[in-house]
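Count residues from 1 along the sequence. We use all heavy atoms of the structure for the numbers below, so side chains are in, but hydrogens, waters and symmetry mates are not.
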Amino acid sequence: MSEPAVPPTPPVPLAALLAREDLGLRQIAGPADPSAVVHWAHTSEMADPYPYLLGGELLLTAGVHVPEAAGTGTYFDDYVSRIVAAGGAALGFGVAPVHDTVPRALVAACDSYELPLLEVPPRTTFSAVARAVWQLMARARHAELRRVTEAQQSLAAAAARPDPVPSVLRQLARGVGGRAVLFGPDGTEVAVAGRGTERQAAEGPAAREVREALAGLARIVRPTATVPTAGPVPTGPVAPAGPGSGRTTSATAPSSATDTVADHHLAAYSLGAGHGFVLGVAAPQRDPGDHTIASVAAVLLSLLTGEHQSGSGAARSSALVRLLLGAPAENVAPLLGGERWVVVHARPATLAAPGPVAASALGAALGSPLVDVGREVVRVLVPADPEPAPQPGWTLGVSAVAGPREWAAADVQAGRALARARATRTGLVRYGARPALADLVPEADAEAHARALLAPLAPALTETLRTWLSLHGSWDRTAVALDVHRNTVRQRIAKCAALLERDLDDPDVRMELWFALGRS
(Lines give C-alpha, C1' and ligand atoms only; values in the text may rest on other atoms or scores of the structure.)
Protein backbone atom coordinates (compact mmCIF):
# COMPACT_ATOMS: atom_id res chain seq x y z
CA MET A 1 0.00 0.00 0.00
CA SER A 2 1.38 3.41 -0.97
CA GLU A 3 1.93 6.06 1.67
CA PRO A 4 -1.02 8.44 2.12
CA ALA A 5 -0.75 11.78 0.36
CA VAL A 6 -0.20 14.76 2.65
CA PRO A 7 -1.99 18.00 1.69
CA PRO A 8 0.46 20.60 0.36
CA THR A 9 -0.13 23.06 3.21
CA PRO A 10 2.32 24.42 5.79
CA PRO A 11 2.38 21.95 8.69
CA VAL A 12 1.74 23.02 12.29
CA PRO A 13 4.13 21.73 14.97
CA LEU A 14 2.24 19.63 17.46
CA ALA A 15 4.26 21.32 20.22
CA ALA A 16 2.86 24.71 19.13
CA LEU A 17 -0.67 23.39 19.52
CA LEU A 18 0.12 21.97 22.96
CA ALA A 19 1.61 25.32 23.97
CA ARG A 20 -1.72 27.13 23.44
CA GLU A 21 -2.88 27.89 26.99
CA ASP A 22 -6.38 28.73 25.79
CA LEU A 23 -6.84 25.13 24.63
CA GLY A 24 -5.37 23.30 27.64
CA LEU A 25 -4.40 20.24 25.60
CA ARG A 26 -2.21 17.63 27.29
CA GLN A 27 -0.28 14.78 25.68
CA ILE A 28 -0.80 11.60 27.71
CA ALA A 29 0.56 8.91 25.38
CA GLY A 30 2.78 8.36 22.37
CA PRO A 31 6.27 9.69 21.64
CA ALA A 32 7.13 13.29 22.62
CA ASP A 33 8.70 14.15 19.25
CA PRO A 34 9.45 17.90 18.87
CA SER A 35 9.42 17.48 15.07
CA ALA A 36 5.88 16.05 15.00
CA VAL A 37 3.49 18.13 12.87
CA VAL A 38 -0.17 18.14 11.89
CA HIS A 39 -1.56 19.32 8.57
CA TRP A 40 -5.15 19.86 9.65
CA ALA A 41 -7.81 18.82 12.19
CA HIS A 42 -10.65 16.40 11.49
CA THR A 43 -13.53 15.29 13.73
CA SER A 44 -14.96 11.79 13.35
CA GLU A 45 -16.95 9.39 15.53
CA MET A 46 -16.58 6.51 13.07
CA ALA A 47 -15.34 3.19 14.49
CA ASP A 48 -13.08 2.94 11.44
CA PRO A 49 -11.98 6.43 10.34
CA TYR A 50 -9.47 5.12 7.79
CA PRO A 51 -11.56 5.82 4.63
CA TYR A 52 -12.03 9.45 5.65
CA LEU A 53 -8.42 10.37 6.41
CA LEU A 54 -5.91 11.81 3.91
CA GLY A 55 -2.90 11.72 6.19
CA GLY A 56 -1.32 14.20 8.57
CA GLU A 57 -4.52 14.94 10.52
CA LEU A 58 -5.14 15.55 14.18
CA LEU A 59 -8.17 13.29 14.55
CA LEU A 60 -10.62 14.49 17.21
CA THR A 61 -13.15 12.16 18.83
CA ALA A 62 -15.37 12.14 21.93
CA GLY A 63 -15.50 8.34 21.96
CA VAL A 64 -19.16 8.07 20.92
CA HIS A 65 -18.23 5.04 18.79
CA VAL A 66 -16.56 3.16 21.66
CA PRO A 67 -18.62 0.13 22.81
CA GLU A 68 -19.03 -0.62 26.52
CA ALA A 69 -16.80 -3.71 26.44
CA ALA A 70 -14.05 -2.06 24.37
CA GLY A 71 -11.50 -2.15 27.19
CA THR A 72 -11.44 -5.97 27.38
CA GLY A 73 -10.91 -6.77 23.68
CA THR A 74 -8.84 -5.56 20.73
CA TYR A 75 -11.11 -2.65 19.83
CA PHE A 76 -8.66 0.14 20.68
CA ASP A 77 -5.71 -1.68 19.10
CA ASP A 78 -7.69 -2.07 15.87
CA TYR A 79 -8.90 1.54 16.07
CA VAL A 80 -5.43 3.06 16.59
CA SER A 81 -3.76 0.79 14.03
CA ARG A 82 -6.20 2.01 11.36
CA ILE A 83 -5.44 5.66 12.21
CA VAL A 84 -1.72 4.98 11.93
CA ALA A 85 -2.22 3.10 8.65
CA ALA A 86 -4.11 6.10 7.24
CA GLY A 87 -1.22 8.40 8.17
CA GLY A 88 -2.90 10.19 11.05
CA ALA A 89 -0.52 12.48 12.91
CA ALA A 90 -2.19 12.48 16.34
CA LEU A 91 -5.41 11.63 18.15
CA GLY A 92 -7.31 14.07 20.37
CA PHE A 93 -9.79 12.52 22.83
CA GLY A 94 -12.43 14.78 24.34
CA VAL A 95 -13.26 14.24 28.00
CA ALA A 96 -17.02 14.66 28.68
CA PRO A 97 -19.82 14.33 27.99
CA VAL A 98 -19.42 10.67 26.91
CA HIS A 99 -16.34 9.67 28.92
CA ASP A 100 -15.13 11.10 32.22
CA THR A 101 -11.53 10.06 31.50
CA VAL A 102 -9.51 8.80 28.57
CA PRO A 103 -9.82 4.97 28.45
CA ARG A 104 -6.67 3.26 29.71
CA ALA A 105 -6.77 0.76 26.86
CA LEU A 106 -6.67 3.64 24.37
CA VAL A 107 -3.63 5.11 26.16
CA ALA A 108 -1.90 1.73 25.97
CA ALA A 109 -2.74 1.30 22.29
CA CYS A 110 -1.38 4.74 21.40
CA ASP A 111 1.83 3.99 23.28
CA SER A 112 2.09 0.66 21.47
CA TYR A 113 1.58 2.16 17.99
CA GLU A 114 3.53 5.35 18.83
CA LEU A 115 0.63 7.65 18.04
CA PRO A 116 0.53 10.92 20.04
CA LEU A 117 -2.63 11.01 22.18
CA LEU A 118 -3.93 14.38 23.40
CA GLU A 119 -6.45 14.85 26.19
CA VAL A 120 -8.97 17.57 25.29
CA PRO A 121 -10.47 19.11 28.46
CA PRO A 122 -14.26 19.58 28.81
CA ARG A 123 -14.01 23.37 28.43
CA THR A 124 -12.34 23.09 24.99
CA THR A 125 -14.54 22.43 21.97
CA PHE A 126 -13.31 20.59 18.91
CA SER A 127 -14.14 23.67 16.88
CA ALA A 128 -11.71 25.68 19.02
CA VAL A 129 -8.98 23.10 18.38
CA ALA A 130 -9.64 23.16 14.63
CA ARG A 131 -9.65 26.96 14.62
CA ALA A 132 -6.31 27.01 16.46
CA VAL A 133 -4.83 24.63 13.89
CA TRP A 134 -5.94 26.87 11.03
CA GLN A 135 -4.70 29.99 12.81
CA LEU A 136 -1.26 28.46 13.28
CA MET A 137 -1.35 27.23 9.71
CA ALA A 138 -2.22 30.70 8.41
CA ARG A 139 0.69 32.19 10.36
CA ALA A 140 3.00 29.52 8.99
CA ARG A 141 1.77 30.17 5.46
CA HIS A 142 2.28 33.92 5.86
CA ALA A 143 5.77 33.39 7.28
CA GLU A 144 6.63 31.02 4.45
CA LEU A 145 5.37 33.44 1.79
CA ARG A 146 7.39 36.21 3.38
CA ARG A 147 10.47 33.97 3.48
CA VAL A 148 10.06 33.06 -0.18
CA THR A 149 9.50 36.68 -1.20
CA GLU A 150 12.55 37.90 0.70
CA ALA A 151 14.62 35.05 -0.76
CA GLN A 152 13.51 35.95 -4.30
CA GLN A 153 14.47 39.59 -3.74
CA SER A 154 17.86 38.56 -2.32
CA LEU A 155 18.49 36.26 -5.28
CA ALA A 156 17.64 39.02 -7.76
CA ALA A 157 19.98 41.42 -5.95
CA ALA A 158 22.73 38.79 -5.89
CA ALA A 159 22.40 38.25 -9.64
CA ALA A 160 23.24 41.93 -10.18
CA ARG A 161 26.51 41.76 -8.22
CA PRO A 162 29.94 41.65 -9.94
CA ASP A 163 30.26 37.98 -8.88
CA PRO A 164 26.67 36.95 -9.68
CA VAL A 165 26.99 33.16 -9.69
CA PRO A 166 28.71 32.77 -6.28
CA SER A 167 26.37 35.43 -4.86
CA VAL A 168 23.25 33.62 -6.09
CA LEU A 169 24.54 30.32 -4.70
CA ARG A 170 25.27 31.91 -1.31
CA GLN A 171 21.77 33.41 -1.13
CA LEU A 172 20.20 30.11 -2.19
CA ALA A 173 22.16 28.15 0.43
CA ARG A 174 21.13 30.68 3.07
CA GLY A 175 17.50 30.55 1.93
CA VAL A 176 17.18 26.76 2.22
CA GLY A 177 19.57 26.39 5.14
CA GLY A 178 21.78 23.95 3.30
CA ARG A 179 24.28 23.64 0.47
CA ALA A 180 24.09 24.83 -3.16
CA VAL A 181 26.38 23.58 -5.93
CA LEU A 182 26.78 24.60 -9.56
CA PHE A 183 27.95 21.63 -11.63
CA GLY A 184 29.66 22.29 -14.94
CA PRO A 185 28.94 20.42 -18.19
CA ASP A 186 31.68 17.92 -17.30
CA GLY A 187 30.19 17.23 -13.87
CA THR A 188 32.78 19.13 -11.85
CA GLU A 189 31.77 21.54 -9.07
CA VAL A 190 32.16 25.00 -10.61
CA ALA A 191 31.03 26.87 -7.49
CA VAL A 192 29.83 25.83 -4.03
CA ALA A 193 28.17 27.71 -1.18
CA GLY A 194 26.61 26.88 2.16
CA ARG A 195 27.14 24.20 4.74
CA GLY A 196 30.02 21.79 4.31
CA THR A 197 31.72 23.70 1.50
CA GLU A 198 35.16 23.02 2.96
CA ARG A 199 36.45 19.62 1.98
CA GLN A 200 38.04 18.47 5.20
CA ALA A 201 39.95 15.25 5.60
CA ALA A 202 37.87 14.48 8.69
CA GLU A 203 34.59 14.78 6.76
CA GLY A 204 32.19 12.08 7.89
CA PRO A 205 30.83 9.32 5.65
CA ALA A 206 27.31 10.81 5.74
CA ALA A 207 28.53 14.13 4.28
CA ARG A 208 30.47 12.32 1.57
CA GLU A 209 27.41 10.21 0.79
CA VAL A 210 25.30 13.35 0.40
CA ARG A 211 27.91 15.00 -1.85
CA GLU A 212 28.25 11.90 -4.05
CA ALA A 213 24.49 11.42 -4.23
CA LEU A 214 24.00 15.05 -5.27
CA ALA A 215 26.59 14.67 -8.01
CA GLY A 216 24.80 11.51 -9.18
CA LEU A 217 21.48 13.34 -9.22
CA ALA A 218 23.07 16.08 -11.32
CA ARG A 219 24.16 13.48 -13.89
CA ILE A 220 20.54 12.36 -14.21
CA VAL A 221 19.19 15.80 -15.16
CA ARG A 222 22.14 16.96 -17.28
CA PRO A 223 20.80 17.30 -20.86
CA THR A 224 23.56 15.13 -22.30
CA ALA A 225 23.02 12.43 -19.68
CA THR A 226 21.48 9.06 -20.45
CA VAL A 227 18.55 7.75 -18.45
CA PRO A 228 17.19 4.26 -17.70
CA THR A 229 15.05 2.83 -20.47
CA ALA A 230 12.75 0.85 -18.20
CA GLY A 231 9.56 2.82 -17.70
CA PRO A 232 9.00 6.54 -18.31
CA VAL A 233 11.65 9.21 -17.96
CA PRO A 234 11.99 9.94 -14.21
CA THR A 235 10.79 13.27 -12.88
CA GLY A 236 10.99 12.60 -9.15
CA PRO A 237 13.43 10.66 -6.93
CA VAL A 238 15.82 8.85 -9.25
CA ALA A 239 19.15 7.11 -9.06
CA PRO A 240 21.73 6.68 -11.81
CA ALA A 241 22.00 3.31 -13.48
CA GLY A 242 24.90 1.20 -12.27
CA PRO A 243 28.12 0.95 -14.27
CA GLY A 244 27.85 -1.47 -17.12
CA SER A 245 24.10 -1.91 -16.69
CA GLY A 246 23.54 -1.30 -20.41
CA ARG A 247 20.09 0.10 -19.65
CA THR A 248 20.62 3.56 -21.05
CA THR A 249 19.27 5.55 -23.92
CA SER A 250 19.63 9.05 -25.33
CA ALA A 251 16.10 9.96 -24.26
CA THR A 252 15.52 13.48 -23.03
CA ALA A 253 16.68 13.90 -19.45
CA PRO A 254 14.27 15.27 -16.81
CA SER A 255 14.54 18.96 -15.99
CA SER A 256 14.67 18.25 -12.26
CA ALA A 257 14.94 15.37 -9.83
CA THR A 258 14.82 14.86 -6.07
CA ASP A 259 16.07 12.29 -3.60
CA THR A 260 16.63 11.81 0.13
CA VAL A 261 20.00 10.57 1.40
CA ALA A 262 21.34 10.46 4.96
CA ASP A 263 18.41 12.58 6.25
CA HIS A 264 19.18 15.26 3.65
CA HIS A 265 16.76 16.35 0.94
CA LEU A 266 18.48 16.61 -2.44
CA ALA A 267 17.33 18.33 -5.61
CA ALA A 268 18.95 18.92 -9.00
CA TYR A 269 17.81 21.35 -11.70
CA SER A 270 18.98 21.44 -15.31
CA LEU A 271 19.96 24.98 -16.35
CA GLY A 272 19.21 24.70 -20.06
CA ALA A 273 19.29 22.07 -22.74
CA GLY A 274 22.19 23.62 -24.61
CA HIS A 275 24.66 24.29 -21.82
CA GLY A 276 24.96 21.29 -19.50
CA PHE A 277 25.10 23.27 -16.24
CA VAL A 278 23.17 21.81 -13.31
CA LEU A 279 22.14 23.33 -9.97
CA GLY A 280 22.28 20.98 -6.99
CA VAL A 281 20.72 21.68 -3.58
CA ALA A 282 21.10 19.69 -0.36
CA ALA A 283 19.27 20.67 2.84
CA PRO A 284 18.64 18.94 6.18
CA GLN A 285 14.93 19.72 5.90
CA ARG A 286 12.47 20.49 3.14
CA ASP A 287 10.14 23.41 3.74
CA PRO A 288 7.19 24.12 1.43
CA GLY A 289 8.81 27.15 -0.20
CA ASP A 290 12.26 25.64 -0.80
CA HIS A 291 11.34 24.36 -4.27
CA THR A 292 10.11 27.82 -5.28
CA ILE A 293 13.29 29.47 -4.01
CA ALA A 294 15.49 26.92 -5.78
CA SER A 295 13.49 27.30 -9.00
CA VAL A 296 14.04 31.07 -9.01
CA ALA A 297 17.76 30.52 -8.45
CA ALA A 298 17.81 27.99 -11.31
CA VAL A 299 16.24 30.52 -13.69
CA LEU A 300 18.76 33.21 -12.72
CA LEU A 301 21.71 30.84 -13.00
CA SER A 302 20.43 29.64 -16.37
CA LEU A 303 20.54 33.22 -17.62
CA LEU A 304 23.97 33.82 -16.08
CA THR A 305 25.60 30.66 -17.40
CA GLY A 306 23.82 30.45 -20.74
CA GLU A 307 25.49 31.54 -23.92
CA HIS A 308 23.92 34.72 -25.30
CA GLN A 309 22.67 33.96 -28.80
CA SER A 310 23.38 37.13 -30.80
CA GLY A 311 24.49 34.77 -33.51
CA SER A 312 24.64 31.02 -33.85
CA GLY A 313 27.47 29.11 -32.21
CA ALA A 314 28.30 27.57 -35.58
CA ALA A 315 28.69 31.02 -37.17
CA ARG A 316 31.06 32.17 -34.44
CA SER A 317 33.11 29.01 -34.74
CA SER A 318 33.28 29.52 -38.47
CA ALA A 319 34.38 33.13 -37.98
CA LEU A 320 37.13 32.07 -35.57
CA VAL A 321 38.42 29.40 -37.94
CA ARG A 322 38.47 31.83 -40.86
CA LEU A 323 40.38 34.41 -38.82
CA LEU A 324 42.92 31.78 -37.78
CA LEU A 325 43.32 30.76 -41.41
CA GLY A 326 44.06 34.34 -42.45
CA ALA A 327 40.71 35.76 -43.57
CA PRO A 328 40.42 39.56 -43.23
CA ALA A 329 38.33 40.73 -40.28
CA GLU A 330 35.92 42.62 -42.57
CA ASN A 331 35.07 39.35 -44.36
CA VAL A 332 34.40 37.58 -41.06
CA ALA A 333 32.30 40.31 -39.42
CA PRO A 334 29.01 39.41 -41.22
CA LEU A 335 29.11 35.98 -39.56
CA LEU A 336 29.20 37.70 -36.17
CA GLY A 337 26.16 39.84 -36.83
CA GLY A 338 27.08 43.30 -38.07
CA GLU A 339 29.54 45.87 -39.40
CA ARG A 340 29.37 48.49 -36.62
CA TRP A 341 31.07 47.56 -33.37
CA VAL A 342 32.49 48.97 -30.16
CA VAL A 343 35.08 47.42 -27.87
CA VAL A 344 34.38 47.47 -24.13
CA HIS A 345 37.07 47.10 -21.47
CA ALA A 346 35.71 46.30 -18.01
CA ARG A 347 37.09 45.84 -14.52
CA PRO A 348 35.13 44.68 -11.45
CA ALA A 349 34.43 47.37 -8.89
CA THR A 350 35.92 45.03 -6.27
CA LEU A 351 39.57 44.04 -6.09
CA ALA A 352 38.75 40.45 -7.06
CA ALA A 353 39.94 39.19 -10.43
CA PRO A 354 37.13 38.73 -12.97
CA GLY A 355 35.97 35.12 -13.27
CA PRO A 356 34.81 33.45 -16.48
CA VAL A 357 31.19 33.07 -15.35
CA ALA A 358 30.94 36.70 -14.21
CA ALA A 359 32.54 37.79 -17.49
CA SER A 360 30.02 35.72 -19.45
CA ALA A 361 27.21 37.36 -17.48
CA LEU A 362 28.67 40.79 -18.32
CA GLY A 363 28.78 39.87 -22.01
CA ALA A 364 25.16 38.76 -21.88
CA ALA A 365 24.17 42.05 -20.22
CA LEU A 366 26.01 44.00 -22.92
CA GLY A 367 24.45 41.91 -25.67
CA SER A 368 27.44 39.93 -26.92
CA PRO A 369 28.98 36.50 -26.31
CA LEU A 370 32.35 37.67 -27.70
CA VAL A 371 34.15 37.93 -24.38
CA ASP A 372 37.85 37.73 -23.53
CA VAL A 373 38.75 37.29 -19.86
CA GLY A 374 42.13 38.67 -18.85
CA ARG A 375 43.85 38.69 -15.49
CA GLU A 376 42.42 42.10 -14.57
CA VAL A 377 40.36 43.29 -17.54
CA VAL A 378 37.45 41.76 -19.44
CA ARG A 379 37.22 42.73 -23.10
CA VAL A 380 33.95 42.46 -24.99
CA LEU A 381 33.34 43.03 -28.69
CA VAL A 382 29.82 44.46 -28.82
CA PRO A 383 27.51 45.50 -31.66
CA ALA A 384 27.29 49.31 -31.70
CA ASP A 385 23.50 49.37 -31.57
CA PRO A 386 22.23 49.77 -28.92
CA GLU A 387 24.95 51.65 -27.10
CA PRO A 388 26.46 49.85 -24.07
CA ALA A 389 25.00 50.99 -20.76
CA PRO A 390 26.65 51.13 -17.32
CA GLN A 391 26.65 47.80 -15.49
CA PRO A 392 26.35 47.50 -11.69
CA GLY A 393 29.59 46.35 -10.11
CA TRP A 394 31.74 47.11 -13.16
CA THR A 395 33.82 50.03 -14.43
CA LEU A 396 33.61 50.27 -18.22
CA GLY A 397 35.60 51.94 -20.97
CA VAL A 398 33.91 52.04 -24.39
CA SER A 399 35.63 52.71 -27.70
CA ALA A 400 34.31 54.77 -30.58
CA VAL A 401 32.21 52.95 -33.18
CA ALA A 402 34.53 50.99 -35.45
CA GLY A 403 34.38 48.66 -38.41
CA PRO A 404 36.25 45.35 -38.47
CA ARG A 405 39.38 46.99 -39.90
CA GLU A 406 39.54 49.34 -36.89
CA TRP A 407 39.05 46.68 -34.19
CA ALA A 408 42.68 46.90 -33.04
CA ALA A 409 42.52 50.71 -32.75
CA ALA A 410 39.18 50.43 -30.94
CA ASP A 411 40.76 48.04 -28.45
CA VAL A 412 43.36 50.72 -27.59
CA GLN A 413 40.60 53.36 -27.29
CA ALA A 414 38.60 51.19 -24.88
CA GLY A 415 41.68 50.73 -22.71
CA ARG A 416 42.22 54.49 -22.51
CA ALA A 417 38.55 55.09 -21.75
CA LEU A 418 38.70 52.51 -18.94
CA ALA A 419 41.75 54.25 -17.48
CA ARG A 420 39.84 57.53 -17.42
CA ALA A 421 36.79 55.86 -15.88
CA ARG A 422 38.90 54.43 -13.06
CA ALA A 423 40.74 57.71 -12.52
CA THR A 424 37.49 59.68 -12.27
CA ARG A 425 35.62 56.89 -10.43
CA THR A 426 32.97 56.86 -13.17
CA GLY A 427 30.95 53.76 -14.04
CA LEU A 428 31.31 54.21 -17.82
CA VAL A 429 33.46 56.47 -20.01
CA ARG A 430 33.22 56.60 -23.80
CA TYR A 431 36.23 57.36 -25.91
CA GLY A 432 35.97 60.88 -27.35
CA ALA A 433 36.94 61.93 -30.85
CA ARG A 434 39.05 64.82 -29.52
CA PRO A 435 42.53 63.62 -28.47
CA ALA A 436 43.31 63.89 -24.78
CA LEU A 437 46.67 64.53 -23.17
CA ALA A 438 47.09 60.80 -22.56
CA ASP A 439 46.72 60.16 -26.29
CA LEU A 440 49.90 62.17 -26.97
CA VAL A 441 52.03 59.63 -25.10
CA PRO A 442 52.48 56.08 -26.42
CA GLU A 443 50.52 53.56 -24.37
CA ALA A 444 53.53 51.44 -23.39
CA ASP A 445 55.55 54.48 -22.31
CA ALA A 446 52.66 55.86 -20.28
CA GLU A 447 52.11 52.57 -18.45
CA ALA A 448 55.82 52.16 -17.75
CA HIS A 449 55.99 55.68 -16.32
CA ALA A 450 52.92 55.05 -14.16
CA ARG A 451 54.33 51.79 -12.78
CA ALA A 452 57.65 53.40 -11.91
CA LEU A 453 56.11 56.49 -10.34
CA LEU A 454 53.53 54.64 -8.22
CA ALA A 455 55.67 51.62 -7.33
CA PRO A 456 56.28 52.72 -3.70
CA LEU A 457 52.53 52.81 -2.93
CA ALA A 458 50.49 49.90 -1.63
CA PRO A 459 47.03 49.36 -3.24
CA ALA A 460 45.21 51.02 -0.33
CA LEU A 461 47.40 54.11 -0.59
CA THR A 462 46.99 54.22 -4.37
CA GLU A 463 43.21 54.12 -4.08
CA THR A 464 43.22 56.78 -1.36
CA LEU A 465 45.41 59.04 -3.50
CA ARG A 466 43.16 58.50 -6.54
CA THR A 467 40.04 59.38 -4.54
CA TRP A 468 41.65 62.37 -2.84
CA LEU A 469 42.82 63.86 -6.16
CA SER A 470 39.45 63.20 -7.83
CA LEU A 471 37.76 65.15 -5.02
CA HIS A 472 40.17 68.07 -5.33
CA GLY A 473 41.99 67.33 -2.08
CA SER A 474 38.92 67.39 0.15
CA TRP A 475 39.61 65.48 3.37
CA ASP A 476 35.97 65.16 4.40
CA ARG A 477 34.60 64.05 1.03
CA THR A 478 37.44 61.56 0.61
CA ALA A 479 36.73 60.13 4.08
CA VAL A 480 33.05 59.68 3.17
CA ALA A 481 33.88 58.09 -0.20
CA LEU A 482 36.30 55.60 1.39
CA ASP A 483 34.21 55.10 4.54
CA VAL A 484 37.14 55.96 6.83
CA HIS A 485 37.91 58.71 9.33
CA ARG A 486 39.24 62.00 7.94
CA ASN A 487 42.38 61.59 10.08
CA THR A 488 43.00 58.27 8.34
CA VAL A 489 42.88 60.10 5.00
CA ARG A 490 45.38 62.69 6.24
CA GLN A 491 47.73 59.99 7.47
CA ARG A 492 47.56 58.07 4.19
CA ILE A 493 48.12 61.16 2.02
CA ALA A 494 51.05 62.17 4.21
CA LYS A 495 52.49 58.69 3.78
CA CYS A 496 51.99 58.93 0.00
CA ALA A 497 53.90 62.21 -0.06
CA ALA A 498 56.72 60.70 1.98
CA LEU A 499 57.00 57.53 -0.12
CA LEU A 500 56.82 59.42 -3.42
CA GLU A 501 59.08 62.21 -2.13
CA ARG A 502 56.77 64.74 -3.79
CA ASP A 503 54.96 67.89 -2.68
CA LEU A 504 51.29 67.00 -3.18
CA ASP A 505 50.31 70.68 -2.92
CA ASP A 506 52.17 71.36 -6.18
CA PRO A 507 49.70 71.49 -9.13
CA ASP A 508 52.31 70.02 -11.50
CA VAL A 509 52.86 67.05 -9.15
CA ARG A 510 49.14 66.50 -8.88
CA MET A 511 48.75 66.56 -12.67
CA GLU A 512 51.57 64.03 -13.13
CA LEU A 513 50.14 61.74 -10.47
CA TRP A 514 46.65 62.01 -11.98
CA PHE A 515 48.06 61.05 -15.35
CA ALA A 516 49.87 58.07 -13.81
CA LEU A 517 46.82 56.93 -11.87
CA GLY A 518 44.84 56.92 -15.11
CA ARG A 519 47.31 54.43 -16.59
CA SER A 520 47.54 52.12 -13.55
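Ion pairing between Asp22 and Arg131 fails under the 4.0 Å rule for side-chain N and carboxylate O.
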Derivation and outcome, salt bridge (Lys or Arg N to Asp or Glu O under 4.0 Å), residues Glu189 and Arg179: CA-CA 12 Å; Glu189 294 184 356; Arg179 186 169 184 266; 3.7 Å; yes

message: Between His39 and Val37, is the side chain to side chain contact (heavy atoms under 4.5 Å, CB included) condition met? List the steps.
response: CA-CA 7 Å; His39 288 266; Val37 297; 4.3 Å; yes

message: Is there a side chain to side chain contact (heavy atoms under 4.5 Å, CB included) between Val281 and Val176? Walk through the geometry before answering.
response: CA-CA 8 Å; Val281 181; Val176 301; 3.9 Å; yes

- request: Starting from the C-alpha separation in whole Å, work towards a yes-or-no answer on side chain to side chain contact (heavy atoms under 4.5 Å, CB included) for Phe76 and Val66.
  value: CA-CA 9 Å; Phe76 285 119; Val66 178; 3.5 Å; yes

field: Audit row: Leu301, Leu169, side chain to side chain contact (heavy atoms under 4.5 Å, CB included) steps and yes/no
entry: CA-CA 9 Å; Leu301 290 171; Leu169 289 176; 4.0 Å; yes

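In this structure, Gln391 contributes its side chain and Ala389 its backbone to a donor-acceptor pair below 3.5 Å. Looking only at distances, a side-chain donor or acceptor of Thr149 sits under 3.5 Å from a matching main-chain atom of Leu145. In this structure, the side chain of Glu57 engages the main chain of Leu54 through a donor-acceptor pair within 3.5 Å. Using a distance-only test at 3.5 Å, with no hydrogens or angles considered, no donor-acceptor pair links the side chain of Asp372 to the main chain of Arg379. A donor-acceptor pair is defined here as one N or O able to donate and one able to accept, closer than 3.5 Å; such a pair exists between the side chain of Ser368 and the backbone of Leu370. Remark: the backbone N or O of Pro49 is not paired with any side-chain donor or acceptor of Ser44 at under 3.5 angstrom. Side chain of Thr124 to main chain of Val120: no donor-acceptor pair is present (N/O by atom type, distance under 3.5 Å, no hydrogens or angles). Within the 3.5 Å criterion, the main-chain N or O of Val429 finds no donor-acceptor partner in the side chain of Thr426. Judged by distance alone, with hydrogens and angles left aside, the side-chain atoms of Ser399 form a donor-acceptor pair with the main-chain N or O of Val343 at under 3.5 Å. Between the side chain of Glu144 and the backbone N or O of Gly289 there is at least one donor-acceptor pair closer than 3.5 Å.
Side-chain contact between Tyr50 and Ile83: absent, with no pair of heavy atoms (C-beta onward) separated by less than 4.5 Å. Counting only heavy atoms from C-beta outward, the side chains of His42 and Leu60 never approach each other to under 4.5 Å. Taking 4.5 Å as the limit, every side-chain heavy atom of Thr188 sits out of range of all side-chain heavy atoms of Phe183. The shortest side-chain heavy-atom distance between Leu17 and Leu25 falls under the 4.5 Å cut-off. Leu279 places none of its side-chain heavy atoms less than 4.5 Å from the side chain of Ser302. The closest side-chain heavy-atom distance from Leu91 to Tyr79 is below 4.5 Å. Side-chain contact between Phe277 and Val190 is present, with at least one heavy-atom pair separated by less than 4.5 Å. Side-chain contact between Trp341 and Pro383 is present, with at least one heavy-atom pair separated by less than 4.5 Å.
Side-chain contact, Asp411 with His345: a donor N or O sits under 3.5 Å from an acceptor N or O. No hydrogens or angles considered: nothing links the side chains of Thr260 and His264 as a donor-acceptor pair under 3.5 Å. A donor-acceptor contact under 3.5 angstrom links the side chains of Thr467 and Arg425, judged on distance only.
Here the CG atom belonging to Leu172 is positioned 12.5 Å from the OG atom belonging to Ser167, to the nearest 0.5 angstrom. The OH atom of Tyr52 lies 4.0 Å from the CE atom of Met46; values are rounded to the nearest 0.5 Å. Rounding to the nearest 0.5 Å places CD of Glu45 at 5.5 Å from NE2 of His65. A distance of 11.0 Å separates OH of Tyr269 from CG of Leu271, quoted to the nearest 0.5 Å. How far CZ of Arg466 is from OG of Ser470: 9.0 Å, rounded to the nearest 0.5 Å. Separating the CG atom in Leu117 from the CD1 atom in Ile28 is a distance of 4.0 Å, to the nearest 0.5 Å.
A pairwise comparison of heavy atoms in Ala29 and Cys110 identifies CB-CB, 4.0 Å as the closest pair. Taking every heavy atom of both residues into account, Pro388 and Val344 meet most closely at CG-CG2, 4.1 Å. In plain terms, the two heavy atoms of Glu376 and Arg347 that are nearest each other are O-CG, 3.4 Å. Summarising the geometry of Ala213 relative to Val261, their closest heavy-atom pair is CB-CG2, 3.7 Å, with the distance given to 0.1 Å. Ile293 approaches Ala151 most closely through the heavy-atom pair CD1-CB, 3.7 Å. Closest non-hydrogen pair, Gly177 versus Pro284, comes out as O-CD, 3.3 Å.
Annotation: Asp483, atom CG; neighbour count of heavy atoms from other residues, nucleotides and ligands within 6.0 Å does not exceed 12. Within 6.0 Å of CD in Gln135 there are more than 12 heavy atoms belonging to other residues, nucleotides or ligands.
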